[in-house]
Amino acid sequence: MTTKTRLLASTVLTLGLSAQAFAQDVPASANDDVLKIGLVYTLSGPPAALGVQAKNGFMLAAEKMGDIGGMKTEIVVVDDEGRPDLAADKARELVQRENVDFVVGPIFSNILMAIHQPVTSSGNILISTNAGTSNFAGAECSPNFFTTSYQNDQNHEVMGAYAQQQGYQNVFLMVPNYQAGKDSVAGFKNSYKGGLAGEVYTELGQLDFNSELAQIAAFQPDAVFTFMPGGMGVNLVKQYAQAGLSGIPFLSAFTVDETTLPATQDAAVGMLGGANWAPDMDNEANKTFVADYIEKYEAVPGTYAMQAYDAAQLIDSAVKKVGGDLTDRDALRAAIKEADFDSPRGDFSFGANNYPIQDFYLVEAVKRDDGYYGTSVKEKIFDDYVDNYAADCAMQ
């Protein structure tokens with residue numbers, strides 16, 4: 001078919017204007033011939049930049065394909081507003097009323113925990129393009145759940161390995177108090193065996209870090225490791241510089257990246273992070289992706305965009321492999337598992353737990369030649385890395 005992919009919903013849906021309101025545009029009788037995809041992202045509030053990047057990445061790929069998997073495609077976009085209760089309701093609407101074939105998203109791990117059961121228990125396929133909690137990588141793995149991102153610990157393991165390599169013996173840890181924050185600490189500690197100057201768990205969404213920065217100034221650690229995505233990271237980086245702490249190495253993941261650098265700019269240049277990709281990776285798929293994203297959105301894509309872009313490519317490849325027959329779920333899951341597409345990150349395959357096997361890098365915040373701020377690969381830390389929870393997954 002040649003019908004172009006169309007959005008059934010606006011970029012941001014409020015609770016009063018749900019995805020259900022748009023169902024009347026597509027007769028139920030046509031659903032068998034339509035590929036329906038629901039996107040669940042945080043698109044409002046301080047973390048919105050993360051969700052917008054992910055939505056943009058997915059839509060960039062979808063618009064280039066036109067008909068994903070060769071099928072007429074309809075995409076419903078919902079805003080979870082960063083609220084697990086609302087996200088769970090929206091997920092139920094997508095699978096029970098919209099009859100979507102795939103749910104894609106979310107950004108935050110607490111949202112993933114809320115939508116996982118409503119989607120996967122009904123036999124639907126959930127593809128996370130960011131959150132990758134340890135429980136779903138291990139004992140609670142599911143044949144209906146895939147992630148195109150990582151297991152939450154892994155990017156933080158990069159920073160632990162770097163801290164260990166540098167011989168640091170006194171690191172201050174600071175993360176938000178929710179599942180991804182706990183996973184980030186577990187990941188860092190898995191690679192770092194030195195001492196700790198402190199271990200602080202802040203409120204999720206906290207924007208004032210003066211109290212914690214005073215502790216850092218008092219302890220004078222060898223380095224600070226943190227995980228503060230979105231607006232939390234913007235404020236932390238700015239306040240870190242204002243507090244005169246720039247002499248203490250700042251190690252992070254998802255704190256200094258393409259979603260925060262437009263706001264932090266020079267205050268973050270030189271800061272190091274752990275990642276599975278950076279915009280300057282030298283392969284044709286990545287060059288095309290980054291150039292197309294910058295042309296369309298006038299911004300440098302981050303991992304959120306890249307991983308969502310790959311989710312669209314993954315769905316496209318799987319649906320083509322089954323010839324558009326979405327009724328044979330075993331065949332569809334097997335086709336997804338093959339991951340037959342070219343990722344901008346390079347090496348990509350699924351492990352037994354449906355989490356990626358991929359490379360991980362030490363990256364640095366830079367000001368690019370084109371005037372944008374972004375991250376740049378400094379060193380590969382892990383090659384074809386399998387997460388630490390895969391052995392606990394029964395799908396062996």
In the single-linkage hydrophobic clustering (I, L, V, M, F, W, Y; side-chain heavy atoms under 4.5 Å), do [X] and [Y] co-cluster?
{"X": "L50", "Y": "V234", "result": "no"}
{"X": "V185", "Y": "L196", "result": "yes"}
{"X": "F136", "Y": "V386", "result": "no"}

Does the side chain of [X] reach to within under 4.5 Å of the side chain of [Y], using non-hydrogen atoms?
{"X": "V237", "Y": "T260", "value": "no"}
{"X": "Q313", "Y": "P344", "value": "yes"}
{"X": "N144", "Y": "V119", "value": "no"}
{"X": "R345", "Y": "D310", "value": "yes"}
{"X": "E199", "Y": "K189", "value": "yes"}

- Task: Please check if the side chain of Q265 supplies one atom and the backbone of P262 the other of a donor-acceptor pair under 3.5 Å.
- Result: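 It does hold such a pair.
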- Item | Any donor-acceptor pair under 3.5 Å from D222 side chain to N170 backbone | yes
Determine, using ring centers only, whether [Y] and [X] are less than 6.0 Å apart.
{"X": "F348", "Y": "F350", "result": "yes"}
{"X": "Y41", "Y": "Y304", "result": "no"}
{"X": "F227", "Y": "F250", "result": "no"}

Whether [Y] and [X] form a salt bridge (side-chain N of Lys/Arg under 4.0 Å from carboxylate O of Asp/Glu) is what I want to check.
{"X": "D33", "Y": "K72", "value": "no"}
{"X": "D80", "Y": "R83", "value": "no"}
{"X": "D316", "Y": "K320", "value": "yes"}
{"X": "K287", "Y": "D282", "value": "yes"}

- Message: Using the ring-ring contact (aromatic ring centres under 6.0 Å, His included) definition, which of the options Y168, F188, Y162 pairs with F225?
- Response: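 Per the ring-ring contact (aromatic ring centres under 6.0 Å, His included) rule, the option paired with F225 is F188, out of Y168, F188, Y162.
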- Can you list the steps and then say if N130 with S149 is a side chain to side chain donor-acceptor pair (under 3.5 Å)? CA-CA 5 Å; N130 192 60; S149 54; 5.5 Å; no
- Message: So which atom in I294 and which in P301 form the shortest heavy-atom distance, rounded to 0.1 Å?
- Response: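 Here I294 and P301 meet closest at CG1-CD, 4.3 Å.
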- Query: Minimum heavy-atom separation for M228 to T255, with atom names?
  - Reply: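 In this case the closest contact between M228 and T255 is N-OG1, 2.8 Å.
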- Message: Would Y150 and D387 count as a side chain to side chain donor-acceptor pair (under 3.5 Å) here? Give the steps.
- Response: CA-CA 8 Å; Y150 38 70; D387 69 85; over 6 Å; no
- Message: How long is the straight-line distance from NZ of K182 back to OG of S134, given to the nearest 0.5 Å?
- Response: 10.5 Å
